Each structure stands twice: as structure tokens, then as C-alpha cells.
Amino acid sequence: MTGTDNKARRGRIVVILAALAVVIAAFFLFTSMNNERISEQNAKYLQGSTEQSARRINEWMTDSQTEIKLLASMYESTLNDVSEISSDSITTLASYTKFDYTTISLEGGRTIDNTGQEDNAADREYYVRGMAGESGVCATDNSLFYGDLSIIFYTPLYFNGDVVGVICGAYREKSMEDFLRTYIFDEQTNSYLLNRDGTVVAHSSTSYSNHVKNAADLYSEGSSSSDISQADLEASFQEGQSIMFDYRGESGSGAAYVMKLPDYDWMLMRTFPSSITDGMQARANAAGLLLVALVGAALALVAGYLLVQAVRQRRKLISESEHVTSIVYSSLALFQRFAVIDLANNTYEYLKDEGINDDLPRSGEYHMFRYYWQTRFCDDNEAARMKEELTPEFISEHLTEDVAYLHFEYRLKDQETGETRWNQASMLPLQRDAAGRVTSVLLSVQDVTDVKEREIANHNALEDAFREAERASRAKTDFLNSMSHDIRTPMNSIMGLTAIASMYVDDPERVKDCLTKITTSSRHLLGLINEVLDMAKIESGNLGLSEEDFDLPETVESLLSIMTPQINDKKLNLKVEIADIRHEHVVGDPMRLQQVFVNIMGNSVKFTPEGGTVSLRIKELPSHVKGSGCYEFTFSDTGCGMSEDFVKTVFEPFTRANDSRVTKVEGTGLGMSIVRSVVNLMNGTIDVKSKLGEGTTFTVTVYMKLRDGDDQDLTPLEGLRVLVADDEETAAESACEVLKAIGMEPSYVLSGDDAVAAVRDAEQRDCGYVAIILDWKMPGKSGIEAAREIREIVSDDMPIIILSAYDWTAVEQEARAVGVDAFIAKPLFRSRLVHVMKGLLTTEEAEPVSEYEVLKQSDFSGHRVLLTEDNSIAAAIALDIMGMTGLEVDHAENGRAAVDMLLDAEPGYYDLVFMDIQMPVMNGYEAASAIRAAAEGKGPDGEAIDARPDLGTIPVVALTADAFADDVARARAAGMNAHMSKPMEIELLVKTLKEWL
């Protein structure tokens with residue numbers, strides 16, 4: 001027996017030693033594969049980190065170039081004479097920059113830096129290029145004032161349109177070293193900024209990087225372990241291609257990666273020392289060695305364990321028995337009750353009876369067991385079901401040999417607290433008779449109330465989400481199948497104004513006024529169409545705002561022009577009031593702002609019954625944002641109002657009040673959701689207060705950047721007395737405040753009779769008024785009736801002005817006949833009042849120039865442009881309009897035709913290209929890219945052609961209906977210089993031609 005045991009032990013030891021040998025062999029294989037993996041991983045890391053640094057350096061150079069151009073622009077704006085350029089001015093200029101030093105070079109090369117030093121830069125590259133009108137960046141090993149390495153960003157300085165000098169900003173060697181310094185795994189590596197010939201422009205501050213003057217020097221330190229030859233390396237530099245090579249020399253060994261900066265003719269080279277790779281491999285191999293040692297130790301422990309296996313076998317069996325026992329008790333803890341039910345003898349016995357107390361014995365007759373629980377089920381239906389399922393017949397019938405267990409789920413009501421709990425019961429067969437019929441079962445009961453409540457909550461949430469999705473889908477379908485009232489509003493205005501214009505074809509002023517309003521409504525309609533097309537961006541939160549100069553009076557006048565026809569149709573009263581508007585000239589998105597106003601006021605008009613009142617109050621609040629004004633727009637009506645519940649959801653998409661008074665009113669329920677999105681984008685707020693049957697008030701507060709308005713000489717108006725008559729005291733006081741702000745001396749009365757009496761009294765006291773402003777609609781005596789009587793008192797030279805928030809065209813002839821000189825629309829903005837007053841009391845105000853006159857006054861004779869447009873009607877319109885400016889215009893029907901015409905023409909034949917976007921054969925983006933590629937000798941199909949440098953600089957302007965911000969960015973990315981949206985605006989066309997021609 002002993003010999004057999006010794007033989008078994010020897011066999012086990014041999015197996016263990018063989019396993020150890022296999023582990024050692026696997027370790028050496030692992031070491032080899034791990035070293036190779038680490039080398040590949042580090043090569044990818046080197047490439048990725050270099051590409052990331054190249055993008056960072058490229059952005060830094062672009063930002064520096066932009067900064068020096070901005071400084072030049074700032075300096076030009078303050079320069080009154082070239083003689084003002086001095087060391088003091090350049091010192092002031094340098095304080096705004098991040099450059100190490102800043103210089104200005106004048107004609108002849110005289111150069112001043114920000115410390116007052118002077119020298120001559122006539123032979124410097126940046127001076128020659130800057131005086132030629134170029135901007136760029138260059139490097140020098142011998143800077144003008146410090147004699148060290150400098151990276152210099154330069155741009156020309158203009159005065160009266162001529163280049164009078166060059167402004168430069170420079171970074172010195174220490175700054176470049178700090179900027180290029182890079183660490184890989186806490187070890188500093190060498191970084192080099194190279195020319196295309198491999199010459200080092202700048203480097204990091206490691207000890208060896210100072211000795212490398214050319215990338216080829218690093219390569220030629222020793223034989224490279226890669227397959228890259230020095231000729232391949234130099235060719236890659238010349239072609240701007242990325243390349244990786246190994247090096248070995250006095251500085252150590254490692255890998256180097258070189259790549260071109262995306263937008264500049266420089267390259268970045270970074271090294272990855274072998275010491276980092278070796279350290280990583282050593283640590284990985286040490287870990288592997290430790291693993292082998294641990295495995296060996298484990299095998300030794302196994303061997304020892306086998307030697308004492310017989311002794312520990314018994315202890316193991318005891319331990320397993322105890323473990324199984326603990327598992328059983330742990331499982332029992334999951335269940336409230338365990339019971340053995342003997343179906344043959346109709347008895348039960350509880351093994352665990354948690355929650356029963358003394359109400360039910362631990363064992364007894366099974367029918368008592370059933371009766372006890374039947375009285376505790378949650379309702380009669382559940383009691384009837386469980387009464388059936390707990391019978392011995394049901395259990396025996398359903399718990400067949402093919403069924404592992406029966407499962408029940410039910411609710412129990414606590415007799416004391418009344419609380420309902422969910423229970424889950426299972427019956428497992430314990431014994432069967434000879435026929436396979438179950439005779440004894442184990443009943444386990446578990447409280448699953450928490451799980452069931454979560455399951456029910458999740459189910460309800462899914463049902464709610466499904467109903468909400470179904471509602472949203474149904475609402476969107478209704479939206480797509482109906483016409484939004486926002487689009488009908490300007491369309492109705494256009495149709496009504498067109499009818500008015502056709503009735504007054506013999507009255508040029510009336511037709512001109514109608515056409516102006518039609519143009520305003522058309523532009524608003526175009527904006528709404530863009531809004532519908534941009535709906536996906538609104539829902540995804542990607543809606544953007546434009547920034548353009550505009551005047552608040554024009555926006556409010558446009559709003560009233562759109563809404564007045566509807567207000568008149570419903571016979572509503574319109575009240576418009578302004579309060580303390582100090583800044584009328586702002587920067588923002590007037591189309592989006594008007595969209596907010598039209599949505600809110602449109603709802604006020606729709607839901608206000610005939611004879612009601614719609615009000616707008618505009619007020620400028622104190623602004624806490626520097627450079628911006630805070631404006632409050634309050635829209636009020638006396639309409640049907642909203643319930644408190646609906647006010648909470650008024651800004652949700654596709655939501656409309658369920659009210660019989662508004663069900664026949666057209667609308668999609670989308671407008672207020674868009675309003676809130678736009679106001680939020682403007683960093684503003686919108687509040688609503690409403691009460692059923694009393695009306696609604698919306699208060700919109702937005703911030704808009706301020707811009708400088710035209711300074712006007714108000715001296716001729718100072719001290720002049722003006723009388724204001726308005727039956728609304730707040731409106732009269734507001735008008736007087738505006739008149740005081742422009743230097744006049746106003747007073748007001750509240751009726752037409754009082755106005756006549758005040759004028760008569762002033763004439764008798766020989767202190768008459770220089771102008772009289774009368775509200776059109778006043779109770780008792782209207783403004784026109786008062787004007788008739790006042791004209792009999794005063795001379796024909798005294799201006800009488802009608803002030804109204806309504807369309808006065810219907811009574812214009814009558815008003816003119818009684819002596820009215822002018823009309824002013826409410827609200828009474830300062831700029832509009834100054835314009836009218838100076839026009840009536842002085843001779844300084846010039847009539848606005850029409851679009852036709854703008855075209856006739858613009859002379860671009862001698863210039864030839866190429867119009868690319870596939871639509872024949874649009875092309876004919878554009879040819880006529882452009883021809884009125886004296887331009888010579890050629891037409892190409894698609895992008896490919898335009899490229900061919902440019903390639904066939906002599907350089908300089910065309911001065912500018914207008915490019916449509918959506919065209920057959922070749923679209924505008926592709927055509928613009930092909931034009932720019934021709935400058936480098938690439939044809940439209942990728943073939944080699946003679947380079948046309950002139951096509952790299954010829955202005956290309958997008959003229960397209962693709963008018964969103966993304967479309968503008970895409971046009972510029974394709975190589976276009978500017979963007980004009982269709983329909984063509986005359987003023988923008990002339991401005992664009994002046995800018996590029």
C-alpha cells in the first residue's frame with residue numbers, strides 16, 4: 001500500500017514539474033509578444049500625440065495671425081496721420097497682445113518695437129511681404145532687436161487705402177521652447193518645428209534638441225533600423241507627407257514621427273525615446289515573471305496539499321456539509337413561509353410561519369389552512385380564484401410528472417393595518433404514488449410587494465409614454481395636414497395690399513406705400529418658410545440666431561404693418577406705447593424677434609372678440625450686461641384668456657386649449673413653443689399671466705447688443721414749443737418725454753376741443769406753437785376735426801401732424817384737405833419723430849433713395865462678372881438687375897459650364913463669380929472647389945492642367961436660396977468669399993459689388 005502511495009506521489013510531482021515547464025515556456029512567449037505589442041502601441045501613441053499637437057499648433061498660429069490682423073485694424077481706426085506712429089503708440093498696442101514683443105515697420109524699413117528700440121528691417125522677409133500687402137508668418141534665427149530665434153506674425157498697416165507699414169508680433173525662443181515642450185509618460189521628449197526642407201525652425205528645451213539643425217541630422221546619427229532611407233525622408237518633407245522612422249545615436253535611440261501642419265507650410269517632428277519603451281517592457285516582463293513565480297508557488301502549494309490530502313479529506317467533507325446547511329438557511333431567509341402539505345392525508349405543517357402570529361396553528365387539517373387564507377385575499381374575485389387553485393384536486397391535476405412546480409401570485413390584505421401586500425407562492429412535489437400522482441408538496445411563499453410595485457410603475461410609465469408618443473404623433477400629423485396661421489398672416493397682408501395697390505394705380509405714393517409693405521410682409525413670409533424648413537433644428541435644440549444691425553422702430557413698424565389688417569377686420573382697438581427707449585439701434589436677429597412678436601400678437605388678435613383691445617408696450621430696462629440693452633415687450637389683450645392648468649402647458653409643442661370658444665380658431669399649437677425657444681436663445685425670459693374671460697398678458701424680456709446710431713444735429717429743434725393731443729394720458733405723457741429728449745418744449749391736452757382752445761389761447765398771447773401733434777381717434781372731436789379748426793386759427797406754415805396706431809390711408813385725402821402736413825405711426829420712436837420734425841421745420845432731411853435709384857447711382861462699368869444660375873427666370877432677373885449697374889454679365893447654366901468658361905478665359909477676364917448652389921451636372925460647392933483647385937493645376941475631373949493662380953484669388957459669391965447658417969459655413973468651406981441669399985436684395989447686391997470690385 002505504501003509503495004502504491006509513493007508511486008502516486010511521484011506521478012503527481014512529475015505532472016507538477018511538467019506543468020511548471022509549460023508555464024516557463026509560456027512566459028518567454030508572452031514576453032516576446034508583449035514587447036512587440038508595446039512597441040506597436042507606442043508607435044500609435046507617438047503618431048496620435050503628434051497629430052494632436054499639430055492641430056494645437058495650427059490653431060495657435062491661426063489665432064496669432066488673427067490677433068495681429070485685429071491689432072492692425074484697431075491701430076488703423078485710431079490713426080489720423082502716419083506721423084503719429086511712435087514708440088508710445090506701439091507700447092500701447094503691445095499691451096493688448098500675448099506676443100513677446102511687437103514692432104511697426106514704416107516705409108524705408110525704419111522699425112520701432114514696443115520698448116522704444118529702433119532699427120532697419122528693409123532686408124527682412126516679413127517687411128518685404130507685408131509692404132506688398134501680404135499677411136503671414138515666418139521664422140528667423142537672428143531677430144532684429146534680440147539676435148535670437150523668433151517666430152514672427154506680420155500683416156500690412158493701411159492708411160487711406162495704402163500700405164504705409166507692417167505690424168509684427170513675435171514669440172522668442174524661450175516662449176517657443178515652452179510651447180513645444182511635451183511629456184510622454186512623465187518623460188520630456190524632443191519636439192521640432194520644421195521647414196519643408198527639414199530645417200529646424202523651433203524646438204523644445206531638451207538638452208539634445210539644441211544640437212539638431214535639420215531633421216536629417218537626427219536620422220543620420222546612426223544606422224536606422226527602419227526601411228526608410230534618407231532620400232525617402234527628404235522627399236516626404238518636400239511633399240508634406242507624414243512619415244515615421246527609427247533613429248540611434250549619441251542622444252539615444254527611439255522613433256520619430258513627422259507630419260505637416262494642416263494650414264501652414266511647416267511640419268512638426270516629435271521623438272519617442274526607446275528608454276520609455278524599454279521601461280514599459282521591463283515592467284511588463286517583471287509582472288510576467290512575478291506571475292510565473294506565483295504560479296510556481298501555487299503548484300508547490302498544490303503538491304503540499306496532495307501530500308496531506310488524505311488527512312484533510314474528512315475535514316473538507318465536514319466543511320462542505322456546513323456550507324450546504326448555511327446555503328439552505330440563507331435561502332429560507334428569502335421566503336416568509338414554508339409548509340409541507342400532505343394531500344393524501346389532508347394535513348399541513350409549517351416549517352417557517354413568519355407573519356402568521358398565533359392565528360393559525362403550525363400544523364393541522366388542510367381545509368382549515370385553506371379557509372384561513374381565503375378570508376385574507378384582497379377581493380372576492382381573487383378569493384374565488386385561489387379557493388379553486390388551492391384544492392387538492394387542482395394541485396394533483398396540474399402538478400403532473402411533466403410539471404416541475406406550480407406558481408401562484410396574489411394579494412393579501414392585512415387585517416390590522418388594511419395594507420395590501422403582493423405574495424408569490426410556489427408548490428414543488430415532494431412525493432408521488434405508484435401512478436405518478438403527487439401526494440405531498442412543499443409550499444414556499446415570498447413577499448414581492450416592492451418588485452411588483454416597481455413592475456406596475458414601469459408598466460404605467462410605458463403606457464403613459466406610449467400615449468404621449470401617440471398624442472405627439474397625432475398632433476404632428478395634424479400640423480402637417482393644416483396651414484399654419486403664421487404663414488396665412490403675412491399672406492393675407494400681401495393679398496390685401498395688392499388689392500389696394502390695384503385700386504390706386506394712378507396714385508404713385510399709395511402704390512409705393514403698398515409695395516413697401518408688401519416687401520416687408522414678403523420677407524416675413526420668407527422667414528416663416530425658413531422656420532418650417534428649420535423645424536428639425538428647433539426640436540433638436542440646434543436652432544441658431546444671426547447677428548445683424550437693425551433698428552427697433554423698423555421691426556415694430558413691420559409688426560404693425562402685418563397685424564393691422566387683421567385688427568381692423570375684427571374691429572379691435574390697438575394701443576401701442578413706448579417708455580424710455582434710449583437705444584433704438586441694436587444688433588441681433590430681427591427675423592426671429594419679429595417671429596416672436598407675430599406669434600404672440602397673432603394669438604391676441606385671434607382670441608380677442610370684436611370690440612376688444614390689443615395692447616403693446618415697449619420699455620427699455622436697466623441692463624446688467626455690458627454693451628447690451630435690456631428690452632421689455634408687454635403684449636396684452638382683453639380676449640377669452642386661459643385656464644390655470646393650460647397656462648402651465650402653453651409653451652409645450654402642439655398644445656391648444658380645449659375650449660369651445662377657440663376650437664374653430666385655426667392654429668397648430670406650435671407657435672408658443674417656438675416663441676419660448678427663440679427667447680431662450682436670446683438669453684431672455686417670457687412670462688404669461690391669464691384669467692379666463694378677462695384676457696392674457698405676455699411679457700418678453702430680451703438682451704440685444706447695442707450699436708452706435710447716426711449722430712444727428714438737434715440744435716434747430718431746441719426750445720421749440722409743441723402741443724400734443726391724445727385722449728390717453730399715458731400716451732400723451734410718453735410722447736412729451738420723447739419730445740423733451742430731443743430738446744423741444746412740449747405740453748399736452750386730452751381732447752380735440754382742449755387742443756383747439758390751447759392753440760387759440762397761445763395765438764392770442766403771441767406765444768404760439770411751432771407744431772401740433774393730434775391723435776387721429778379721440779372721443780368727441782377727432783384729430784382731423786380738430787385739425788380743421790386749428791388750421792383756421794394758425795397760418796398755413798405751422799405743421800399739423802396726425803399720430804395714429806392705425807392705417808391712415810383711408811382718411812389721408814380728407815386729412816390733407818383740412819391742412820394736415822404729415823402722419824406719424826405709433827409707437828412714437830425718437831428717430832421717427834426727429835425725422836418728421838426736421839423734415840417739416842428744417843430743410844436738412846433728405847428723402848430716402850429707392851432701390852431703383854440705388855441701382856442707377858451705382859456705376860460698375862468696366863467690370864465683368866460671371867453669373868452661374870440654372871433657372872432661366874432667376875437668371876433673366878439677375879441679368880437685368882446687374883446690368884442696370886453698368887456691369888458686363890456672362891451667364892453659365894451650371895457649375896461645370898462656369899468652370900469651363902473660367903478656364904477658357906484669359907486671366908483677369910472676369911472680376912467676380914456669382915455662384916448658385918443647387919444645380920445639375922455640378923453644384924455650386926463642387927464648382928467653387930474646382931475653381932480653387934485650378935489655381936494649383938488640377939482640372940475639374942482631377943486631371944493635370946496648367947496652373948491658373950488667378951482662380952485662387954478671384955472672388956466667388958454664393959447666390960442661393962440655401963440661407964441657413966450651416967449653408968453659409970459650407971459655402972466658405974468650399975472656397976467662396978461671401979454669401980447672398982435669394983431673393984436678391986438690391987442694397988446687399990450693391991454692397992457686395994463695392995466690397996469685391
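These numbers come from the heavy atoms of this one structure, side chains and all, not from hydrogens, waters or symmetry mates. We're numbering straight along the sequence, starting at 1. None of these values were measured; they are calculated from a predicted model.
Under the 3.5 Å distance criterion, the side-chain polar atoms of Lys575 are left unmatched by any main-chain donor or acceptor of Thr613. Glu554 places no side-chain N or O within donor-acceptor distance of the main-chain N or O of Asp551, the cut-off being under 3.5 Å. Within the 3.5 Å criterion, the main-chain N or O of Ser615 finds no donor-acceptor partner in the side chain of Ser636. In this structure a side-chain-to-backbone donor-acceptor pair under 3.5 Å is present from Asn871 to Ala874. Counting only distance, with no hydrogens or angles, the side chain of Thr498 and the backbone of Ile494 share a donor-acceptor pair below 3.5 Å. Between the side chain of Arg592 and the backbone N or O of Val679 there is no donor-acceptor pair closer than 3.5 Å. Listed for the Glu632 side chain is no donor-acceptor partner under 3.5 Å among the backbone atoms of Leu621. Checking side-chain atoms of Asp821 against main-chain N and O of Ile800 turns up a donor-acceptor pair under 3.5 Å. Of the possible polar contacts, none joining the Asp513 side chain to the Glu509 backbone as a donor-acceptor pair under 3.5 Å is found.
Looking at heavy atoms from C-beta onward, Leu774 lies in side-chain contact with Ile790 at the 4.5 angstrom threshold. Annotation: side chain of Leu560 is in contact with side chain of Leu574 (closest heavy-atom distance under 4.5 Å). The shortest side-chain heavy-atom distance between Tyr769 and Val722 does not fall under the 4.5 Å cut-off. Taking the side chain as every heavy atom from C-beta outward, Lys777 and Asn573 never approach each other to under 4.5 Å. By the 4.5 Å heavy-atom criterion applied to side chains, Leu593 and Phe550 are counted as neighbours. Residues Ile686 and Ile600 meet the side-chain proximity criterion, which asks for heavy atoms closer than 4.5 Å. Looking at Cys630 and Thr701, their side chains come closer than 4.5 Å, going by heavy atoms from C-beta outward. Using a 4.5 Å heavy-atom threshold, the side chains of Phe597 and Leu616 count as separate.
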Residues 735-747, side-chain donor-acceptor partners within the protein, below 3.5 Å, at least two apart:
none

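The distance from atom CD1 of Ile801 to atom CD1 of Ile773, rounded to the nearest 0.5 Å, is 5.0 Å. Taking CD of Glu729 as the start and OH of Tyr748 as the end, the distance is 4.0 Å to the nearest 0.5 Å. Between the OG atom of Ser623 and the CE atom of Met704 there is a distance of 10.5 Å, given to the nearest 0.5 Å. Distance check: Asp754 CG to Leu723 CG gives 9.5 Å after rounding to the nearest 0.5 Å. Between the CD1 atom in Ile802 and the CZ atom in Arg816 there is a gap of 10.5 Å [rounded to 0.5 Å]. Summarising the geometry, atom CZ belonging to Arg582 is positioned 9.5 Å from atom CG belonging to Leu706; distances are rounded to the nearest 0.5 Å.
Met601 and Val614 get closest at one heavy-atom pair: CG-CG1, 4.2 Å. The shortest heavy-atom contact between Gly612 and Thr638 is CA-OG1, 3.4 Å. Glu763 approaches Met798 most closely through the heavy-atom pair OE2-CE, 3.9 Å. Nearest approach of Pro590 to Thr555, heavy atoms of both residues: CB-OG1, 4.2 Å. Between Pro609 and Gly639, the shortest heavy-atom distance links the atoms CD-CA, 3.8 Å. Between Ala731 and Asp726, the shortest heavy-atom distance links the atoms CB-OD2, 3.7 Å.
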Query raised in the report: Given the rule in the side chain to side chain contact (heavy atoms under 4.5 Å, CB included) test, do Thr696 and Phe607 qualify, once you have shown the distances and angles that lead to the verdict?
Result: CA-CA 10 Å; Thr696 303; Phe607 300 125; over 6 Å; no

Requested in this report: Given side chain to side chain contact (heavy atoms under 4.5 Å, CB included), test Glu789 with Lys781 step by step and report yes or no.
Outcome: CA-CA 10 Å; Glu789 295 186 21; Lys781 184 171 292 182; 2.7 Å; yes

Report task. Would you check, one step at a time, whether the test side chain to side chain contact (heavy atoms under 4.5 Å, CB included) holds for Glu644 with Val647? Result -> CA-CA 5 Å; Glu644 293 183 6; Val647 167; 5.7 Å; no

Query - Stepwise side chain to side chain contact (heavy atoms under 4.5 Å, CB included) check, Val688 with Met642 - result: CA-CA 10 Å; Val688 57; Met642 295 179 285; 3.7 Å; yes

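Lys570 NZ: more than 12 foreign heavy atoms inside a 6.0 Å radius.
Taking the six-membered ring for Trp and the full ring otherwise, Phe698 and Phe633 have centroids separated by 6.0 Å or more.
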